[in-house]
Participant: 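Sending over a structure as structure tokens; questions will come in a sec.
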Amino acid sequence: MLRRAAIHAALLGAIWLAASAAYAVIFEGGRQLAWLAVDVAVVALAAWVVARDRELVGFRSLGPRRLAAIVAIALLAFGCVAIVQSVIEDGNGLWLDEREYLAMLREGAIRRGGLLPFSLRWLEPMLAGAWNILPVDDAPALKSVNFGALVMTSVLLVLALVRLGVSRALALASPVLLACSYLGVYSAENRLVLDPFNYALFVVLLHTLLHRAHRAYFAIALVVLACNSEKAVYWLPVLGVLALLESERTGWRRLGDAAKQVAVYGGPAVLYLVAMRLYLAGAPSDTHAFVGKLRVMAFTPLGAKTTDAGDTFVTLWFPFGGLTVYALLGLRHAPRPLQAAAVLALPILASTLVATDTERMVAYGFVVVLPLALVYLTAAYAAMPRVLAGTLLAFTVALAIAQHYLLPVARLLGDNVLSHNPARIRLAVAAIEILLVGTTVYLRETIYSRGASSSKPATF
């Protein structure tokens with residue numbers, strides 16, 4: 001088992017380092033040839049180790065040439081993220097988060113006098129600082145690591161979707177959908193925050209939950225995530241709910257099984273965070289509560305007008321548009337680990353009461369919403385004629401691209417017709433989204449619903 005874990009670590013590490021080094025050279029003009037040679041050598045060594053023990057890689061559903069398939073997926077993911085970061089301008093500044101991370105990066109140590117919770121998040125700043133082997137330094141190194149993390153997130157999502165039985169076409173569309181989500185857009189707009197690193201580890205944790213025998217890997221991955229973010233605790237209720245779903249006992253014994261799993265596999269990360277908090281006991285904190293957001297979370301409007309520009313019902317409950325609708329419907333088709341992972345919505349929504357950047361917090365849910373949505377679409381498309389399913393998929397991908405990039409690309413190309421009529425374009429895209437989601441759900445739940453009885457209407 002340890003050997004298999006080492007092979008997976010080598011595979012993922014090679015993809016991450018290769019993507020980070022490529023970004024450093026292409027986007028940041030990295031010209032430190034000695035470090036670039038080190039990067040090439042490390043990637044080559046990792047690739048040789050993986051190729052030597054290719055039978056331990058797994059992912060057999062990718063076919064006999066699965067290593068070539070993984071490389072192709074990585075190239076697709078790299079292309080999607082690179083295009084986004086070429087179209088979206090990097091607008092990061094030295095605000096609160098970024099200032100703390102760069103200070104830690106430059107000092108090469110955990111800052112006991114730094115600001116909480118930022119001083120807890122030391123792993124990525126160290127990888128881009130004291131442990132940096134990329135051909136760039138300082139802020140460009142942090143941006144490069146983040147780019148590699150986004151590529152890795154895309155690759156891991158495709159592999160998770162394949163393991164979950166999602167159709168090959170939908171799985172390969174996931175890097176495009178990720179790049180066209182707020183998660184992808186925000187990561188291009190601000191490249192100095194640590195969120196992309198956390199996104200990648202979130203998907204690693206999802207992988208470790210898909211098989212009961214891999215819970216030890218979950219504990220290890222959770223500790224690694226805790227070194228980069230206190231958001232590791234988001235996964236404790238997920239582990240507890242999954243244990244409840246898997247337990248064959250009843251009553252208090254069932255609860256005992258769940259508590260035991262949380263203690264065994266989540267305990268090390270919690271102990272680490274407690275120890276770190278004690279170590280940083282004298283550090284000031286920047287945590288503020290904004291409980292006024294509670295009224296925006298309500299299903300029923302509690303006022304005639306909402307003046308909060310960034311916090312709306314749609315932002316909090318339907319941040320991923322039609323994918324959120326598909327994800328809700330996908331809960332009944334999803335396997336237990338994915339059903340349990342949906343519980344992530346609770347701590348994520350709770351964090352919006354503390355954080356000032358609501359969209360950034362909610363974006364963490366994408367790594368669960370997307371698999372749930374594509375599980376549903378796989379079942380929906382499988383019940384439809386192939387031509388109809390292919391047409392709906394094509395419209396879904398095209399719409400995702402248009403929603404975020406039609407107007408920015410039009411401005412870059414100097415298209416006066418599109419860029420001078422943004423309101424009409426947004427109206428048209430919104431209308432298409434409503435029609436597309438409504439049509440897909442209606443067809444699946446009525447005309448192409450399998451197992452539904454149509455002999456006589458239901459009696460109420």
Participant: Excluding sequence neighbours, so at least two apart, what forms side-chain hydrogen bond (donor to acceptor under 3.5 Å, both in side chains) with Asn228?
Facilitator: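 Result, side-chain hydrogen bond (donor to acceptor under 3.5 Å, both in side chains) vs Asn228: Asn198.
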
Participant: Which residues pass the side chain to side chain contact (heavy atoms under 4.5 Å, CB included) test with Arg65, not counting sequence neighbours?
Facilitator: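 With sequence neighbours excluded, Arg65 shows a side chain to side chain contact (heavy atoms under 4.5 Å, CB included) to Ala68, given in chain and number order.
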
Participant: Any side-chain to backbone donor/acceptor pair from Gln339 onto Ala334? Under 3.5 Å, distance only.
Facilitator: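 Yes.
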
Participant: Could I get the full list of side chain to side chain contact (heavy atoms under 4.5 Å, CB included) partners for Ile133, not counting sequence neighbours?
Facilitator: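 Testing Ile133 for side chain to side chain contact (heavy atoms under 4.5 Å, CB included), a comparison that skips the adjacent residues, returns Leu17, Trp35, Asp39.
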
Participant: Please walk me through it: do Arg4 and Asp53 pass salt bridge (Lys or Arg N to Asp or Glu O under 4.0 Å)?
Facilitator: CA-CA 9 Å; Arg4 183 183 298 274; Asp53 291 326; over 6 Å; no

Participant: Is the closest side-chain heavy-atom distance between Ile15 and Val71 below 4.5 Å?
Facilitator: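 No. Closest side-chain heavy atoms not under 4.5 Å.
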
Participant: Sorted by first residue and then second, give each side-chain hydrogen bond (donor to acceptor under 3.5 Å, both in side chains) pair with at least one member in residues 124-142; sequence neighbours left out.
Facilitator: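 Found Gln32-Asp137, Arg106-Asp138, Asn132-Asp137.
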
Participant: Please tell me if the side chains of Arg277 and Leu273 come closer than 4.5 Å, counting only heavy atoms from C-beta onward.
Facilitator: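 Heavy-atom side-chain distance check fails, nothing below 4.5 Å.
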
Participant: Please state whether the rings of Phe366 and Phe320 are parallel, tilted or perpendicular, taking 30° and 60° as the class boundaries.
Facilitator: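 If you compare the ring of Phe366 with that of Phe320, the planes turn out perpendicular.
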
Participant: Are the side chain of Arg336 and the backbone of Leu242 linked by a donor-acceptor contact shorter than 3.5 Å?
Facilitator: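 No.
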
Participant: Going by side-chain hydrogen bond (donor to acceptor under 3.5 Å, both in side chains), name the pairs with one or both residues in residues 10-20, residues two or more places apart or in two chains.
Facilitator: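 Those involving residues 10-20 do not exist here.
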
Participant: Looking only at heavy atoms, what is the nearest atom pair of Gly148 and Ala19, with distance?
Facilitator: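 Closest approach of Gly148 to Ala19: CA-CB, 3.9 Å.
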
Participant: According to ring-ring contact (aromatic ring centres under 6.0 Å, His included), who are the partners of Tyr405, at least two apart in sequence or on a separate chain?
Facilitator: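 Partners of Tyr405 under the ring-ring contact (aromatic ring centres under 6.0 Å, His included) test: none.
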
Participant: Restricting to side-chain hydrogen bond (donor to acceptor under 3.5 Å, both in side chains), what partner residues turn up for Trp122, sequence neighbours left out?
Facilitator: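 Trp122 satisfies side-chain hydrogen bond (donor to acceptor under 3.5 Å, both in side chains) with Tyr272 once adjacent residues are dropped.
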
Participant: With sequence neighbours left out, what residues match Tyr199 under side-chain hydrogen bond (donor to acceptor under 3.5 Å, both in side chains)?
Facilitator: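 Counting only residues at least two positions away or on another chain, Tyr199 forms no side-chain hydrogen bond (donor to acceptor under 3.5 Å, both in side chains).
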
Participant: Could you measure the distance from the OG atom of Ser187 to the CG atom of Leu178? Nearest 0.5 Å is fine.
Facilitator: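 That separation rounds to 8.0 Å.
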
Participant: What residues, two or more places apart in sequence or in another chain, satisfy side-chain hydrogen bond (donor to acceptor under 3.5 Å, both in side chains) together with Asn146?
Facilitator: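 Residues passing side-chain hydrogen bond (donor to acceptor under 3.5 Å, both in side chains) with Asn146: none at all.
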
Participant: For Tyr265, what residues pass the ring-ring contact (aromatic ring centres under 6.0 Å, His included) criterion, not counting sequence neighbours?
Facilitator: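 Not a single residue meets the ring-ring contact (aromatic ring centres under 6.0 Å, His included) criterion with Tyr265.
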
Participant: If I take atom CG from residue Leu201 and atom CG from residue Leu206, how far apart are they, to the nearest 0.5 angstrom?
Facilitator: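 It comes to 12.5 Å.
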
Participant: Ignoring hydrogens and geometry, is there a side-chain-to-backbone donor-acceptor pair from Thr208 to Leu205 under 3.5 Å?
Facilitator: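 Checked: pair present.
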
Participant: Checking the side chain of Glu189 only, and the main-chain atoms of Asp90 only, is there a donor and an acceptor separated by less than 3.5 Å?
Facilitator: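 The answer is no, because no donor-acceptor pair under 3.5 Å joins these two groups.
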
Participant: Closer than 4.0 angstrom, basic N to acidic O: yes or no for Glu230 and Arg121?
Facilitator: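 Arg121 and Glu230: salt-bridged.
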
Participant: Please report the interatomic distance CG(Leu156) to NE2(His8), rounded to the nearest 0.5 Å.
Facilitator: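 Leu156 CG to His8 NE2: 10.5 Å, rounded to 0.5 Å.
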
Participant: When rounded to the nearest 0.5 angstrom, what distance separates OG1 in Thr391 from OH in Tyr381?
Facilitator: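 That separation rounds to 10.0 Å.
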
Participant: Any side-chain hydrogen bond (donor to acceptor under 3.5 Å, both in side chains) pairs touching residues 170-185, not counting sequence neighbours?
Facilitator: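 Qualifying pairs: none.
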
Participant: Before giving the answer on side chain to side chain donor-acceptor pair (under 3.5 Å), spell out for Arg191 and Gln85 the whole-Å C-alpha distance, their side-chain angles and the decisive distance to 0.1 Å.
Facilitator: CA-CA 9 Å; Arg191 306 180 190 182; Gln85 303 221 354; 3.3 Å; yes

Participant: Within this structure, what is the CG-CZ distance for the pair Leu194 and Phe118, rounded to the nearest 0.5 Å?
Facilitator: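 Between atom CG of Leu194 and atom CZ of Phe118 there are 10.0 Å.
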
Participant: Could you tell me whether a side-chain N or O of Thr153 sits under 3.5 Å from a main-chain N or O of Ala200, the two making a donor and an acceptor?
Facilitator: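 Looks like yes, one N/O pair under 3.5 Å.
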
Participant: Contact between Val166 and Val162 at the side-chain level, heavy atoms closer than 4.5 Å - yes or no?
Facilitator: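 No, too far: nothing below the 4.5 Å cut-off.
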
Participant: Between CD of Glu100 and CG of Leu105, what distance do you get to the nearest 0.5 Å?
Facilitator: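 So the CD of Glu100 and the CG of Leu105 are separated by 12.5 Å.
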
Participant: For His207, check ring-ring contact (aromatic ring centres under 6.0 Å, His included) against everything at least two apart and list the hits.
Facilitator: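 None.
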
Participant: Can you classify the ring geometry of Phe27 versus Tyr23 as parallel (below 30°), tilted (30 to 60°) or perpendicular (above 60°)?
Facilitator: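 Phe27 vs Tyr23 ring planes: parallel.
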
Participant: Indicate yes or no: at least one non-hydrogen side-chain atom of Val203 is less than 4.5 angstrom from one of Val155.
Facilitator: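 Val203 vs Val155: side chains apart.
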
Participant: Test your reading of the model: is there a side-chain donor-acceptor pair from Thr378 to the backbone of Ser167, 3.5 Å cut-off?
Facilitator: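 Checked: pair present.
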
